[in-house]
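Residue numbers count from 1 along this sequence. Reckoned from all heavy atoms, side chains included, excluding hydrogens, waters and symmetry mates. Indexing begins at 1, ligand by ligand and atom by atom, following the structure's order.
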Amino acid sequence: MAKEPVRVLVTGAAGQIGYSLVPMIARGVMLGTDQPVILHLLDIPPAAEALNGVKMELVDAAFPLLKGVVATTDAVEACTGVNIAIMVGGFPRKEGMERKDVMSKNVSIYKSQASALEKHAAANCKVLVVANPANTNALILKEFAPSIPEKNITCLTRLDHNRALGQISERLSVQVCDVKNVIIWGNHSSTQYPDVSHATVKTLSGEKPVCELVADDAWLKGEFITTVQQRGAAIIKARKLSSALSAASSACDHIRDWVLGTPEGTWVSMGVYSDGSYNVPAGLIYSFPVTCCNGEWTIVKGLSIDEYSRKKLDVTAEELTEEKALAYSCLS
Ligand code: NAD
Ligand code: LMR
């Protein structure tokens, strides 16, 4: 029997990530090739015409799984009945703007969209925040949508996770699908800690630790980390635009694994509400290694953290604590 369509909201749908993301969802990349979808696309009035163009292209592409498109500039209409919400819309930093100015714009957007989701989304709606500052936008959304379970509100660090896999695969000349269990700890920013202490590579003679195969501590603690931390800036420099296809693809990976589960013995990185695991302050949205089963994520417990890693986990937690305080100061 055919499955019921799942309603997927994409905010900022007329933007560049939106333009890469919506055809992936309509093709089944996010929820499976047997899962019909109805897309809800939200943008702001100045982008209404472009948004309508995206809708026209979705119709023209004749995706068999796409059962409907709601394209609107009304947040209530966009949020009504959605099962999954991908929050890509936001206010970008413009020349001359201070960090606080960007934070203040985004905090008010996420505060009002939190209310629309809380009142109108389907029960148990899963939320992924992509727009920067992703962790703190997700935290604000959580604060202003108290009836959405905190386990349902996450932010995207899967792009950083995938970037780390890509760097290891290039360095070792191995298939990216044979590398697993890297970890992104903390903020989706340049303080994030890409950690390969527990990562492995599948070889003909079994799984081998990445650290053993790379055998170059200076590279692992130096260039590898900074390349992943600064990859977003490197893409902006090269494209004059921020990453879009990789962000869209990683957003699909995040939701797919969350809904359909992570493979046995594999974890992924997700920005989730901290419960104090690994002595990360509770009450932050922080990227942890997680496994997913039956639509629920669980933080991987008991990994050893050496002194070097401890410091890096703390630095990115401190940045998130500061961002949280800044966000709250914008609300008062
Ligand atoms: P973009 O500027 O091309 O698109 C953003 C869209 O959001 C625009 O169409 C804009 O009109 C819309 N928008 C603005 N305010 C809105 C609101 N209140 N409601 C609905 N829509 C609104 O930007 P992009 O390249 O698509 O990137 C989107 C966001 O994702 C940015 O914040 C970017 O920094 C972030 N990003 C995050 C990651 C990550 O890994 N977490 C990766 C790449 C980009
Ligand atoms: C990215 O990681 O590509 C985005 O968050 C863009 C940025 O500002 O780094």
**Asked** Of the non-hydrogen atoms in N83 and A122, which two are nearest, and what is the gap between them?
**Response** ND2-CB, 3.7 Å

**Asked** Are the ring centres of W185 and Y278 closer than 6.0 Å?
**Response** yes

**Asked** How would you list, by chain and number, the residues with a heavy atom under 4.0 angstrom from ligand 2?
**Response** N132, R163, H188, G232, I236, S242, S243

**Message:** Residue-level breakdown please: for S243 versus ligand 1, do any non-hydrogen atoms fall below 4.0 Å on the side chain, on the backbone, on both, or on neither?
**Reply:** both

**Fill in**
The atoms of ligand 1 lying under 4.0 Å from a heavy atom of A131, numbered in the order shown, are 29 (C), 30 (O), 32 (O), 35 (C)

**Contact (N/O only, under 3.5 Å) between I17 and ligand 1** = yes

**Request:** Using a strict 4.0 Å cut-off to heavy atoms of Q113, name the atoms of ligand 1 that fall inside it.
**Result:** 17 (C), 18 (N), 19 (N), 20 (C)

**Asked** Does S242 reach ligand 1, in the sense of a heavy atom lying below 4.0 Å from it?
**Response** yes

**Message:** For the backbone of S269 and the side chain of H161, can you confirm whether one donor and one acceptor N or O come within less than 3.5 Å of each other?
**Reply:** yes

**Asked** Does the side chain of T200 come within less than 4.5 Å of K208's, by heavy atoms?
**Response** no

**Request:** Can you sort out which atoms of ligand 1 are near A14, meaning under 4.0 Å from one of its heavy atoms?
**Result:** 9 (O)

**Request:** With sequence neighbours excluded, tell me which residues meet salt bridge (Lys or Arg N to Asp or Glu O under 4.0 Å) with E223.
**Result:** none

**Asked** If you measure every N/O of N132 against every N/O of ligand 1, is any gap under 3.5 Å?
**Response** yes

**Item:** The one among A134, A78, G90, P46 that brings a heavy atom closest to atom 15 (N) of ligand 1
**Value:** G90

**Request:** Examine A47 against ligand 1 and note whether any of their N/O atoms are separated by less than 3.5 Å.
**Result:** no

**Prompt:** I225 and K312: which non-hydrogen atoms are nearest, and at how many Å?
**Reply:** CD1-CE, 4.2 Å

**Asked** D43 to ligand 1: N or O pair under 3.5 Å?
**Response** yes

**Complete:** Atoms of ligand 1 under 4.0 Å from any heavy atom of L159, numbered from 1 in the order shown, are 40 (O), 42 (C)

**Request:** Would you please say whether a donor-acceptor pair under 3.5 Å links the side chains of T72 and E77?
**Result:** yes

**Prompt:** If you measure every N/O of I109 against every N/O of ligand 1, is any gap under 3.5 Å?
**Reply:** no

**Asked** Do D306 and S309 have side-chain N/O donor and acceptor atoms under 3.5 Å apart?
**Response** yes

**Message:** If you take the nearest heavy atom of each of D160, V130, L241, which one is closest to atom 41 (N) of ligand 1?
**Reply:** V130

**Asked** Within 4.0 Å of atom 2 (O) of ligand 1 (strictly less), any protein heavy atom?
**Response** no

**Item:** Polar atom proximity, Q16 to ligand 1 (N or O, under 3.5 Å)
**Value:** yes

**Fill in**
Those residues at least two apart in sequence (or on a different chain) that pass side chain to side chain donor-acceptor pair (under 3.5 Å) with N135 are none

**Item:** By salt bridge (Lys or Arg N to Asp or Glu O under 4.0 Å) - contacts of R310 (at least two apart)
**Value:** D314

**Prompt:** Counting each atom of ligand 1 from 1 as listed, which ones have a heavy atom of V88 under 4.0 Å away?
**Reply:** 28 (C), 29 (C)

